[in-house]
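Contents: one structure, followed by commentary.
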Amino acid sequence: MTTLIDQINAACADAFAACGFDTKFAAVRESDRPDMADFQCNGALPIGKMQKQNPMDVADKIVAAMADNPIVTVEAARPGFLNFRVRDSALAHHIATIAADPRSLAVTAATASKILVDYGGPNVAKDMHVGHLRAAIIGQALKDILRFAGHDADGDVHLGDWGLQMGQLIAFIEAEHPHLLDGGEITMEDLQAWYPQASGLSKTDDAFREKARAATMALQAGQADYFALWERMRAASVASLKRDYDWLGVQFEYWYGESRYQSALDTMVADLQSTGVAELDDGAMIIRTSDDGKLPPLILRNSNGAYGYGATDVATIQDRIQDPALQTILYVVDARQSTHFKQVFKSCERAGYLGTVSAEHIAFGTVNGTDGKPFKTREGGTMRLTDLIAMMVDAVRARLDDAGSIPETDRAAVAQTVAQAAIKFGELSHDREKNYVFDIDQFAQFEGKTGPYLQYTCVRIQTLLDAAAQDGKTPGTITSVGDGGRALALALDAFPAAIDKSIKARKPSHLANHAYRIAEAANGFYQKNRVLSAGVSAEDAASHLATLAAAQRQLTLALDLMGISVPTKM
RNA sequence: GCACCCAUAGCUCAGCUGGAUAGAGCGCUGCCCUCCGAAGGCAGAGGUCUGAGGUUCGAAUCCUCAUGGGUGCGCCA
């Protein structure tokens, strides 16, 4: 059981070999010209050039060598293209092959890699915002796709639960709510209210800033009351974060945070200094990362003696590589941290921490509003993730009310599922490296290239399958490709390639765009091939149902890998 | 000043390792529901792929420069 493109690729390579041509030119790809071919190979052009032959003659030889191929007909075209057209019978049979495989012909990696995906990064006491949304959705999809492909991938939230921000909060609490130092409940709502004040004071009030610094140092030194306070703040935050992540269907195997690595910092930095990797400069402990000064040094410890996230991130790697099986660490983090990660990776390289482990920064761009500027609330503040989600759910709910296609009692639940699809597909269908515009109205549309459209496609097919079953009609042998079935079959065949590209480029967008392609082709097929209408033969009905079921199955699988579920009605 | 990223239709975006007429969605113009969900399908208008060089039989794709945006540049994370 293998894809058509792989089968044709193999046959083409055989033909090249038989003709005495280098098989590296035998690569087959989907055709640019569906009107002329399903697949194409351009290898005759460079061969013609190299051997000073007419590329058409080269192509003709290959055509002759493949003349009696059972699955495909071959033609040579103009300058020297090889055009492959899959035979109808082979195509019909192939749809059944895809449908019979729960993995839609996607292979499992021959050798599984152990991969850690770092895709959280929310801070204690601060609300999550759209930036965290990107990391969460892309990271979760990457992890799930890697697992589907047979890899051993885990996620770590890497909480921002340490550092000056904690000191600021402690100083603020000490000043405004001192009784909390002796215990007492702290809620996320409290923290949300306090953090902006503490942060603001830190900017305007010199005395407060000093207190915050002192508190940070004291916390790092392990002062008991501060530490207890910190633990309660962290617990309240984690509970809140988990609610948001739960809604998004995001799960982390590890809820580690920056605090986890603090106790290791003194030793680590001392070691790095003794080996000459780290050095004192202007009172700060740094690691130089370049000779030409193009990349700034990484600061491990500032001149006040406090450790920053430079040290923490190096220590994090040092800790992670304790797992000897680990091969890759993926950091799904905002592109603005690009320089920082270069510094950290270079530092770890110099320190000898990375060894054979590869660390990659999976950068993503900024989320903008419809004005093209970073996404903000109408008032200009940062949009809380919770609020953004609520807005999306409201928009979807309004649309469901308007359509009135399902009972009122079901709408609240369906609105959640559809809003999740809208947000996730809106995110995943974009190239992560670029900035993108988060347009609530556009994403919550049910028309066009949206998450809800993909769900709708599945729901629609399911409804038909159910209705057909009531009528005694079930999916059967695929006897004909059907009108529009060729495009659908070829699209279904491309699923393994989409998975492969998503993994190689670390871009789930390839899978998202593939899913959309399936939905388009499936809807086209649905529209053109009647099943329950009068005059449709039992054979055709069974064949068409099987084709649609195959499409639905793969689409559902792709959606599942993107964390999108499909309601039964919508 | 130095470094990195981006530039494709009115708007939002695809375009895989360079290949045959550059594709979607939204919006716009027309069609298609006595018939399985029209949240759909079909067709049309709309692009000197920012500009200029270069490599190549062939460039949206690779290289250089320019222009216009974005971002980051040792003691916040």
Side-chain angles (χ1 to χ4, degrees), chain A residues 27 29-33 35-37 40 42 45-46 48-49 55 77-81 83 121 123 160 162-165 168 199 202 258 281-286 292-304 306 308-310 312-313 334-340 342-343 363 365-366 368 370 372 374 399-400 403 405 429-431 433-437 439 442 445-450 452-453 455-457 459-461 463-468 471 484 497-498 500-501 504-505 509-510 513 516-517 520 523-524 526-534 536 541 544-545 548 569-570:
Chain A
R29 35 177 283 176
E30 286 196 62
S31 175
D32 297 328
R33 296 286 304 271
D35 54 316
M36 300 176 75
Q40 69 184 62
N42 305 332
L45 284 93
K49 164 96 172 135
R78 274 178 295 184
F81 294 107
N83 282 334
N123 291 309
W162 205 251
L164 184 60
Q165 58 195 349
Q168 289 170 344
S199 174
S202 205
E258 297 179 318
D281 191 272
D282 255 354
M285 187 64 76
I286 64 164
D292 57 9
K294 292 271 169 77
L295 191 61
L298 182 77
I299 293 184
L300 295 171
R301 197 178 62 208
N302 69 24
S303 48
N304 294 323
Y309 80 148
T312 305
D313 280 358
D334 195 306
R336 283 174 290 198
Q337 297 296 328
S338 167
T339 304
H340 170 69
K342 279 181 193 157
Q343 293 171 298
T366 311
N368 291 331
T370 44
R399 182 60 200 265
L400 288 175
S405 51
S429 60
H430 292 89
D431 184 339
E433 288 187 295
K434 297 183 187 170
N435 298 344
Y436 83 106
V437 175
D439 184 341
Q442 189 194 319
Q445 289 278 312
F446 288 27
E447 294 84 15
K449 193 174 179 179
T450 62
Y453 168 75
Q455 292 176 310
Y456 169 78
T457 306
V459 169
R460 192 188 196 198
I461 292 172
T463 306
L464 174 60
L465 288 169
D466 292 345
D471 218 17
D500 197 47
K501 278 190 277 190
K504 284 208 170 93
S509 56
H510 286 118
N513 288 317
Y516 177 67
R517 181 184 173 192
E520 267 190 310
N523 276 316
Y526 179 101
Q527 201 86 21
K528 291 170 199 141
N529 299 277
R530 296 270 126 185
V531 171
L532 301 180
S533 304
V536 176
H544 295 156
L545 284 171
L548 284 168
K569 303 273 184 203
M570 63 188 282

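We use all heavy atoms of the structure for the numbers below, so side chains are in, but hydrogens, waters and symmetry mates are not. To find a chain, count down the sequence lines: A is the first, B the second, and so on, and within it residues start at 1.
When heavy atoms are screened at a 4.0 angstrom cut-off, A:T339 is found touching the sugar-phosphate backbone but no base atom. At a threshold of 4.0 angstrom between heavy atoms, the contacts of A:N529 include nucleobase atoms, whether or not backbone atoms are also involved. At the heavy-atom level, A:E447 lies under 4.0 Å from the strands shown only through sugar-phosphate atoms. At a threshold of 4.0 angstrom between heavy atoms, the contacts of A:M570 include nucleobase atoms, whether or not backbone atoms are also involved. In this structure, A:D282 reaches the bases: a heavy-atom distance under 4.0 Å links it to at least one base atom across the strands shown. As judged by a 4.0 angstrom heavy-atom cut-off over every strand, A:P296 is placed among residues touching the sugar-phosphate backbone only. At the heavy-atom level, A:Q343 lies nowhere under 4.0 Å from the strands shown. Nucleic acid contact for A:N42: base, since at least one base atom lies under 4.0 Å from a heavy atom of the residue. Within the 4.0 angstrom heavy-atom criterion, no nucleotide atom of any strand lies near A:D466. At the heavy-atom level, A:R301 lies nowhere under 4.0 Å from the strands shown. A:S405 comes within 4.0 angstrom of a base, heavy atoms only. Among the heavy atoms of the strands lying under 4.0 Å from A:K569 is at least one base atom, whether or not backbone atoms are also near. Residue-level contact check: A:G308 touches the backbone only, with heavy atoms under 4.0 Å from sugar-phosphate atoms and none from bases.
Ranked by how close their nearest RNA chain B nucleotide is to the 5' end, A:N302 and A:S533 are led by A:S533. Across the interface with RNA chain B, nearest-nucleotide mapping of A:A467 and A:Q527 shows A:A467 to be the residue nearer the 5′ end.
Across B:G54 and B:A9, the matching P atoms stand 25 Å from one another, rounded to whole Å. Rounded to whole Å, the P atom of B:U50 lies 14 Å from the corresponding atom of B:A14. B:U12 and B:A7 have their P atoms separated by 13 Å, with the value rounded to a whole Å. Comparing B:G53 with B:G58, their P atoms sit 16 Å apart, to the nearest whole Å. Spacing of C1' atoms, B:G46 relative to B:G10, comes out at 9 Å, to the nearest Å. Atom name P, nucleotides B:U61 and B:G18: the rounded distance is 12 Å, in whole Å. The same atom, P, is picked in B:G23 and in B:G47; the two are 14 Å apart, to the nearest Å. Comparing the same atom, P, in B:U55 and in B:U64 gives a spacing of 15 Å after rounding to whole Å.
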Polar atom pairs (N or O), protein with nucleotides 54-62 of chain B, under 3.5 Å:
| unit_1 | atom_1 | unit_2 | atom_2 | d |
| --- | --- | --- | --- | --- |
| B:C57 | OP1 | A:K49 | NZ | 2.1 |

Do any N or O atoms of the protein come closer than 3.5 Å to N or O atoms of nucleotides 13-18 of chain B, and which pairs are they?
| unit_1 | atom_1 | unit_2 | atom_2 | d |
| --- | --- | --- | --- | --- |
| B:C13 | OP1 | A:V437 | N | 2.9 |
| B:A14 | OP1 | A:D431 | N | 2.7 |
| B:A14 | OP2 | A:K434 | NZ | 3.4 |
| B:C16 | O2 | A:K501 | NZ | 3.4 |
| B:C16 | N4 | A:R29 | NH2 | 3.0 |

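Evaluated for a side-chain contact (heavy atoms from CB on, under 4.5 Å) with A:Q343, the options A:I286, A:D313, A:L295 yield exactly one hit, A:L295.
Applying the side chain to side chain donor-acceptor pair (under 3.5 Å) criterion to A:N123, with sequence neighbours excluded, gives no partner residue. In this structure A:K528 satisfies the side chain to side chain contact (heavy atoms under 4.5 Å, CB included) test together with A:D483, sequence neighbours excluded. The side chain to side chain donor-acceptor pair (under 3.5 Å) search around A:R336 returns A:D334, not counting sequence neighbours. For A:S405, the side chain to side chain contact (heavy atoms under 4.5 Å, CB included) criterion is met by A:A403, not counting sequence neighbours. The ring-ring contact (aromatic ring centres under 6.0 Å, His included) search around A:Y456 returns none, not counting sequence neighbours. Residues meeting the side chain to side chain donor-acceptor pair (under 3.5 Å) test with A:K342, sequence neighbours left out: none. Under the ring-ring contact (aromatic ring centres under 6.0 Å, His included) criterion, A:H340 pairs with A:Y309, sequence neighbours left out. Every salt bridge (charged side-chain N to carboxylate O under 4.0 Å, His left out) that A:D500 has, sequence neighbours left out, goes to A:K504. Under the rule for a side chain to side chain donor-acceptor pair (under 3.5 Å), the partners of A:T457 that lie at least two apart in sequence or sit in another chain are A:N523.
A:I286 places its CD1 atom 16 Å from the P atom of B:C73, with the value rounded to the nearest Å. Rounded to whole Å, the distance from CG on A:L298 to P on B:C75 is 12 Å. As a whole-Å value, the separation of A:Q337 CD from B:G72 P is 9 Å. Taking atom CH2 of residue A:W162 and atom P of nucleotide B:C76, one finds them 17 Å apart after rounding to whole Å.
For A:Q40 against B:A20, a side-chain-to-base donor-acceptor contact under 3.5 Å is present. With hydrogens and angles ignored, a donor-acceptor pair closer than 3.5 Å exists between the side chain of A:T463 and the base of B:G37. Counting atom types as modelled, A:D35 pairs no side-chain N or O with a base atom of B:A20 as donor and acceptor under 3.5 Å.
Checking B:A24, B:C36, B:A20 against every side-chain atom of A:L532, the shortest atom distance belongs to B:C36. With B:C26, B:A77, B:U71 as the candidates, the nucleotide lying closest to the side chain of A:Y309 is B:A77. Side-chain proximity of A:Y453 to B:C76, B:G40, B:A20: nearest is B:G40. Among the nucleotides B:C26, B:C75, B:C36, the one closest to any side-chain atom of A:Y526 is B:C36.
Of all the heavy atoms in A:L45 and A:P79, the pair that sits closest is CD2-CB, 4.3 Å. Between A:S303 and A:D282 the shortest heavy-atom distance is CB-O, 3.9 Å. A:A505 and A:H510 get closest at one heavy-atom pair: CB-CE1, 4.0 Å.
Expressed to the nearest 0.5 Å, how far NZ of A:K449 lies from CG of A:N513 amounts to 4.0 Å.
Applying the 90° cutoff around 0 to the glycosidic angle, B:C65 is assigned anti.
A close approach under 4.0 Å does not occur between any side-chain nitrogen or oxygen of A:Y516 and OP1 or OP2 of B:G23. The side chain of A:R460 contributes an N or O atom lying less than 4.0 Å from OP1 or OP2 of B:A38.
Here A:Y456 does not lie in a stacked arrangement on the base of B:G37, lacking the combination of planes under 30° and ring centres under 5.5 Å apart.
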**Report entry** Watson-Crick or G-U pairs under 3.5 Å in RNA chain B, rendered as dot-bracket with [ ] for crossing pairs and | for another strand
**Finding:** (((((((..((((.........)))).(((((.......))))).....(((((.......))))))))))))....

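In this structure a side-chain-to-backbone donor-acceptor pair under 3.5 Å is present from A:D292 to A:K294.
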